[in-house]
Trainee: 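Would you mind keeping the following structure in view while I ask a few things?
Quick note on labels: first sequence line is chain A, next is B, and so on, each numbered from 1. Since the model is a prediction, treat every value here as computed from it, not as a measurement.
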Amino acid sequence: MLDPKLIKEKPQVIRDMLKARAVDFDLDALIESDQKRRGFILKTDELRKKKNQVALEISQKKKAGEDASSILSEMKTVSSELSKLESEQESVEKTYSKLALTIPNLVHESVPIGVDENANKEIKKWGEIPSFDFKINDHIDISENLDLVDLERAAKVAGARFYYLKNDLVRLNQSLIHYGLDFLAKKEYSLVQPPYMINHESMEGAVIADDFEEVIYKIEDEDLYMIGTSEHAMAAMRAKEILEGKELPLRYAGVSPCFRKEAGAHGRDQKGIFRVHQFDKIEQFVFTRPEDSWKEHEKMLAVAEEFYQNLEISHRVMLLSSGDMGKVSAKTYDIEAWMAGQNAYREIVSCSNCLDYQARRLKIRFRDKTNEDTQYLHTLNSTLIATTRVMVSIMENFQTKDGHIRIPSVLQSYMGNQKEI
RNA sequence: GCCGAGAUAGCCAAGUAGUACGGCGGCCGUCUCGAAAACGGCUACGCGCAAGCGUGCGGGGGUUCGAAUCCCUCUCUCGGCGCCA
């Protein structure tokens, strides 16, 4: 959600944003319904004032033992007028909030303008692209040869884009999570394992309506949705709270499985475990003062970069273009890891500053002193590790001539000093 | 799942139909070299430059001229019983 004052006072800023994102949005309808809404607030408030006055009069007359029947009928009229006005107001509010909840976030000035990923900007590169003196396999062949993944039976049991992890890949998955948590704990993140299902109100705080259809699974007959990432549950964790300024920034490491419909991804990355309905992830989630959020954004990116350097995974950092970014983010960096089997860099991390957009939806505010006005804080999120994608990169980049996989040295102690799969 | 008791502001808490009692904590001020104590003000949210007005007693609905208060319903918490990894 955007600041209604900004929409009212500087609509051109919003129009520029919509153009940069190449998003169709009826801004005039939003502005009009906001005006209508404000008008109704004034009208109903005025009528309520009258109602309160009459109620007071009645109470005084009754206490004095006087006859109040003539004012009683006046009260009746005021009450019925009010309830009529209130129901009109309700429908205006509904229209307004529906629009207000679908307008995308602002775009930061440093974001390259463009319609899709072709306008993304490479910021930096780390590590050599691995070269091989033998014919290499992709992660699907490797995992089949070493009996690490069973896709066929997963398809039988659950459907496409599911998998059974097997043997040492199960251990590698656990090692990555364990190492990732230790890594963030050392940097003084609070570790959190959130609910894997959350209610509609919470989900709506973190996610835009369209994404509900495209990515989020709903539990039948329950007000529950499977989280697409722990970001959803982490953002909602502090909903409707007023935090103390001195608590900020709050840095959380959320660890959870993630569940995604992948509804719009027909045919893309169809085989293997690169794009799946379920995977484990550690997420960085930060609540911060507005003035610190850009600094925190760079910091989160740096944390993720360090992590992949430690894992010896060659990667590059991309600054996403206005058209490629998610709607809740004002600026997003992706880290793309080299995947030798695909001979390409592929996304493994997405690091976003959402400004006060989620905080407004979730009503998360802070203040330094008790009688100060409250302020919306800023939220940021970044992947630390989505295990399946990193395992693809490890399998493909670290494959050996004799068909095995070298385990990155930082992970070996987590795997009983095993050096190879 | 069943039975019982609850949910009021940051915390505690009074209030069984007629303007939300009071306490603690916090913030600001007076006093002081400074602090403590004492005293005064402020301390949920919305609209408004402000004066002010409105909303708010777990959520939703109903009864009533009028609901924190009566009724229905849902959620959550606590206690007891049952079931369960």
Side-chain angles (χ1 to χ4, degrees), chain A residues 1-10 30-97 99-101 193-205 218-225 233 236-248 250 257 287 289 356 359-377:
Chain A
M1 204 184 286
L2 295 174
D3 186 351
K5 278 204 181 96
L6 184 71
I7 297 172
K8 199 171 86 173
E9 285 159 21
K10 293 182 181 167
L30 177 64
I31 292 171
E32 196 196 316
S33 73
D34 183 42
Q35 265 167 7
K36 257 188 171 171
R37 186 181 72 98
R38 286 167 200 267
F40 267 107
I41 290 172
L42 287 178
K43 272 194 276 183
T44 51
D45 274 6
E46 204 169 310
L47 205 52
R48 285 198 187 106
K49 180 181 172 183
K50 191 168 176 193
K51 182 180 159 183
N52 289 339
Q53 284 168 347
V54 178
L56 189 60
E57 246 179 275
I58 291 172
S59 145
Q60 280 163 353
K61 288 220 166 176
K62 290 229 163 174
K63 272 182 191 160
E66 293 170 32
D67 174 45
S69 55
S70 67
I71 332 179
L72 279 187
S73 72
E74 190 187 347
M75 184 73 162
K76 214 170 192 168
T77 322
V78 173
S79 284
S80 74
E81 259 180 72
L82 184 60
S83 67
K84 207 175 108 195
L85 204 58
E86 275 172 341
S87 73
E88 285 174 52
Q89 181 180 16
E90 199 182 328
S91 82
V92 172
E93 290 279 2
K94 247 184 209 158
T95 312
Y96 168 76
S97 74
L99 286 165
L101 284 170
Q193 195 168 345
Y196 302 160
M197 293 174 249
I198 61 178
N199 60 30
H200 186 273
E201 188 186 11
S202 303
M203 193 60 97
E204 197 168 55
K218 181 171 188 342
I219 305 296
E220 201 174 1
D221 299 327
E222 304 269 356
D223 178 27
L224 286 173
Y225 298 80
M237 180 165 68
R238 298 301 210 117
K240 298 177 200 168
E241 292 186 30
I242 297 171
L243 310 187
E244 282 187 57
K246 63 176 183 232
E247 289 181 78
L248 301 174
L250 284 168
F287 296 96
R289 310 173 74 90
D356 63 2
R360 279 180 189 280
R361 292 171 155 249
L362 290 159
K363 302 185 173 64
I364 311 176
R365 289 158 295 179
F366 76 97
R367 69 177 150 209
D368 291 303
K369 292 177 180 173
T370 41
N371 23 0
E372 253 178 17
D373 282 346
T374 57
Q375 243 189 102
Y376 288 105
L377 47 72

Trainee: Is K8(A) close enough to rG48(B) that one of its side-chain N or O atoms is under 4.0 Å from OP1 or OP2 there?
Mentor: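 Looking at the OP1 and OP2 atoms of rG48(B), one of them is under 4.0 Å from a side-chain N or O of K8(A).
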Trainee: Determine the Euclidean distance between corresponding C1' atoms of rA14(B) and rU69(B); express it in Å to zero decimal places.
Mentor: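 Result for the C1' pair: 13 Å, nearest Å.
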Trainee: Between rU16(B) and rG10(B), how far apart are the two C1' atoms, rounded to whole Å?
Mentor: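 Approximately 28 Å lies between the C1' atom of rU16(B) and that of rG10(B).
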Trainee: Name the pairing partner of rA68(B), where a pair is Watson-Crick or G-U wobble with both distances under 3.5 Å, or state none.
Mentor: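 Paired with rA68(B), as far as the under-3.5 Å criterion goes, is no nucleotide at all.
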Trainee: Remember a base hit wins even if backbone is also touched, and classify I41(A) as base, sugar-phosphate or nothing at under 4.0 Å, heavy atoms.
Mentor: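 Nothing, no heavy atom under 4.0 Å.
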Trainee: If I take atom CD1 from residue I31(A) and atom CD1 from residue I7(A), how far apart are they, to the nearest 0.5 angstrom?
Mentor: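 One gets 7.5 Å once the value is rounded to the nearest 0.5 Å.
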Trainee: Starting from C1' on rU75(B), measure out to CG on L224(A) and report it in whole angstrom.
Mentor: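 Distance, rounded to whole Å: 12 Å.
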Trainee: Between rG40(B) and rC24(B), how many Å separate the two P atoms, rounded to a whole number?
Mentor: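 Straight-line distance between the two P atoms is 12 Å.
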Trainee: If you look at every heavy atom in H200(A) and D223(A), which pair is closest and at what distance?
Mentor: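 Residues H200(A) and D223(A), closest heavy atoms: N-OD1, 3.1 Å.
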Trainee: Is D45(A) paired with K49(A) through a side-chain N to carboxylate O contact shorter than 4.0 Å?
Mentor: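 Salt bridge between K49(A) and D45(A), a charged N being under 4.0 Å from a carboxylate O: no.
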Trainee: Work out how far the P atom of rU8(B) is from that of rC3(B), and round it to whole angstrom.
Mentor: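 That atom pair is separated by 24 Å.
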Trainee: Please determine, for rG22(B), whether a Watson-Crick or G-U wobble partner exists with both distances under 3.5 Å, and give it or none.
Mentor: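 Matched rG22(B) with rC12(B) under the 3.5 Å cut-off.
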Trainee: Suppose you measure atom P in rG59(B) against the same atom in rC49(B); what distance do you get, rounded to whole Å?
Mentor: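 Per the computed distance, 29 Å lies between those P atoms.
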Trainee: Within the sub-3.5 Å range, which N or O atoms of nucleotides 27-29 of chain B have a protein N or O partner, and how far apart are they?
Mentor:
| unit_1 | atom_1 | unit_2 | atom_2 | d |
| --- | --- | --- | --- | --- |
| rC27(B) | O4' | T370(A) | OG1 | 3.1 |
| rC27(B) | O2' | N371(A) | OD1 | 3.1 |
| rC27(B) | O2 | N371(A) | ND2 | 3.2 |

Trainee: Salt-bridge test for R238(A) and E247(A): reply yes if a basic N is under 4.0 Å from a carboxylate O, no otherwise.
Mentor: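 Result for this pair is yes, salt bridge flagged.
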Trainee: Is there a Watson-Crick or G-U wobble partner for rA17(B) with both distances under 3.5 Å, and if so, which one is it?
Mentor: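 The base-pairing partner of rA17(B), which may sit in any strand shown, does not exist here.
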Trainee: Considering all heavy atoms of both residues, which atom of F366(A) and which atom of G245(A) are nearest to each other, and what is their separation?
Mentor: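 For F366(A) and G245(A), the tightest heavy-atom pair comes out as CD1-CA, 3.9 Å.
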Trainee: Given the P atoms of rA68(B) and rG61(B), what is the spacing between them in whole Å?
Mentor: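 Taking atom P in both rA68(B) and rG61(B), they lie 14 Å apart.
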Trainee: Taking atom P of rG66(B) as reference, at what distance in whole Å does atom CD of E74(A) sit?
Mentor: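 Distance, rounded to whole Å: 13 Å.
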Trainee: Tell me which nucleotide, if any, is Watson-Crick or G-U wobble paired with rG79(B) when both distances must be under 3.5 Å.
Mentor: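 Pairing partner, where one exists within any strand: rC3(B).
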Trainee: Ignoring hydrogens, what is the shortest heavy-atom contact between K218(A) and E222(A)? Give both atom names and the distance.
Mentor: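 Taking K218(A) first and E222(A) second, the nearest heavy atoms are NZ-O, 2.6 Å.
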Trainee: Expressed in whole Å, how much space separates the C1' atoms belonging to rG15(B) and rA20(B)?
Mentor: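 8 Å, rounded to whole Å.
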Trainee: Select base, sugar-phosphate, or nothing to describe what I242(A) touches, counting heavy atoms under 4.0 Å on all strands.
Mentor: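 If one applies the 4.0 Å heavy-atom cut-off, I242(A) turns out to touch the sugar-phosphate alone, with no base involved.
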Trainee: Are any of R367(A)'s side-chain N or O atoms less than 4.0 Å away from OP1 or OP2 of rU43(B)?
Mentor: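 Indeed not, no polar side-chain atom of R367(A) lies that close.
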Trainee: Please report the closest heavy-atom contact between Q89(A) and F40(A), naming both atoms and the distance.
Mentor: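 The pair with the smallest heavy-atom distance is CG-CB, 3.7 Å.
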Trainee: Is E88(A) salt-bridged to K43(A), cutoff N-O under 4.0 Å?
Mentor: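 Judged by the 4.0 Å cut-off on N to carboxylate O distance, E88(A) and K43(A) do not form a salt bridge.
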Trainee: Starting at the 5' end of RNA chain B, which residue's closest nucleotide do you reach first, S59(A) or K51(A)?
Mentor: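 By nearest-heavy-atom nucleotide position, the 5'-most residue is S59(A).
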Trainee: For V54(A) and L42(A), take the nucleotide of RNA chain B holding the closest heavy atom to each; which residue's nucleotide lies nearer the 5' end?
Mentor: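 Result of the comparison: V54(A).
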Trainee: Determine: side-chain N/O of S79(A) to OP1/OP2 of rU64(B), distance under 4.0 Å, yes or no.
Mentor: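 No, S79(A) has no side-chain N/O under 4.0 Å of OP1/OP2 on rU64(B).
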Trainee: Using purine N1 to pyrimidine N3 plus N6-O4 or O6-N4 for Watson-Crick, or N1-O2 and O6-N3 for G-U wobble, both under 3.5 Å, which nucleotide pairs with rG54(B)?
Mentor: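 Pair assignment: rG54(B) / rC45(B).
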Trainee: If we check side-chain hydrogen bond (donor to acceptor under 3.5 Å, both in side chains) with D368(A), which of these qualifies: Q375(A), R289(A), K246(A)?
Mentor: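 Looking at Q375(A), R289(A), K246(A), the match for D368(A) under the side-chain hydrogen bond (donor to acceptor under 3.5 Å, both in side chains) is R289(A).
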Trainee: Rounded to whole Å, please give me the gap between CG in D373(A) and C1' in rC49(B).
Mentor: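 From D373(A) CG to rC49(B) C1': 14 Å.
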Trainee: Roughly how far, to the nearest 0.5 Å, is CG of L377(A) from CZ of R360(A)?
Mentor: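 One gets 11.0 Å once the value is rounded to the nearest 0.5 Å.
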Trainee: Across all strands shown, which nucleotide pairs with rC39(B) by Watson-Crick or G-U wobble geometry, both distances under 3.5 Å?
Mentor: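 Check on rC39(B): paired to rG29(B), both distances under 3.5 Å.
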Trainee: What distance do L47(A) atom CG and E81(A) atom CD have between them, rounded to the nearest 0.5 Å?
Mentor: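 Going from the CG atom of L47(A) to the CD atom of E81(A) covers 5.5 Å.
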Trainee: Indicate, with a heavy-atom threshold strictly under 4.0 Å, whether T77(A) touches base, sugar-phosphate, or nothing.
Mentor: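 The answer is nothing, as T77(A) stays clear of every strand by at least 4.0 Å.
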Trainee: Applying the Watson-Crick and G-U wobble criteria at under 3.5 Å, what pairs with rU63(B)? Answer none if nothing qualifies.
Mentor: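 WC or wobble partner does not exist here.
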Trainee: What string of B, S and - do you get for nucleotides 52-63 of chain B 5' to 3' if you count protein non-hydrogen atoms under 4.0 Å?
Mentor: -SSS--------
Trainee: Output the rounded distance in Å from NZ (K5(A)) to C1' (rG46(B)).
Mentor: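 That distance rounds to 11 Å.
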Trainee: Please work out if R37(A) contacts a base, only the sugar-phosphate, or nothing of the nucleic acid, heavy-atom cut-off 4.0 Å.
Mentor: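 The residue R37(A) makes no contact with any strand.
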Trainee: Is there side-chain contact between M1(A) and L101(A), with at least one heavy-atom pair below 4.5 Å?
Mentor: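 A side-chain contact exists here, since the closest heavy-atom pair is under 4.5 Å.
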Trainee: What's the closest nucleotide to the side chain of L56(A) if the choices are rG18(B), rC47(B), rU19(B)?
Mentor: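 Out of rG18(B), rC47(B), rU19(B), the nucleotide with an atom closest to L56(A)'s side chain is rU19(B).
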Trainee: C1' atom, rU75(B) versus rG25(B): distance in rounded Å?
Mentor: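 That atom pair is separated by 30 Å.
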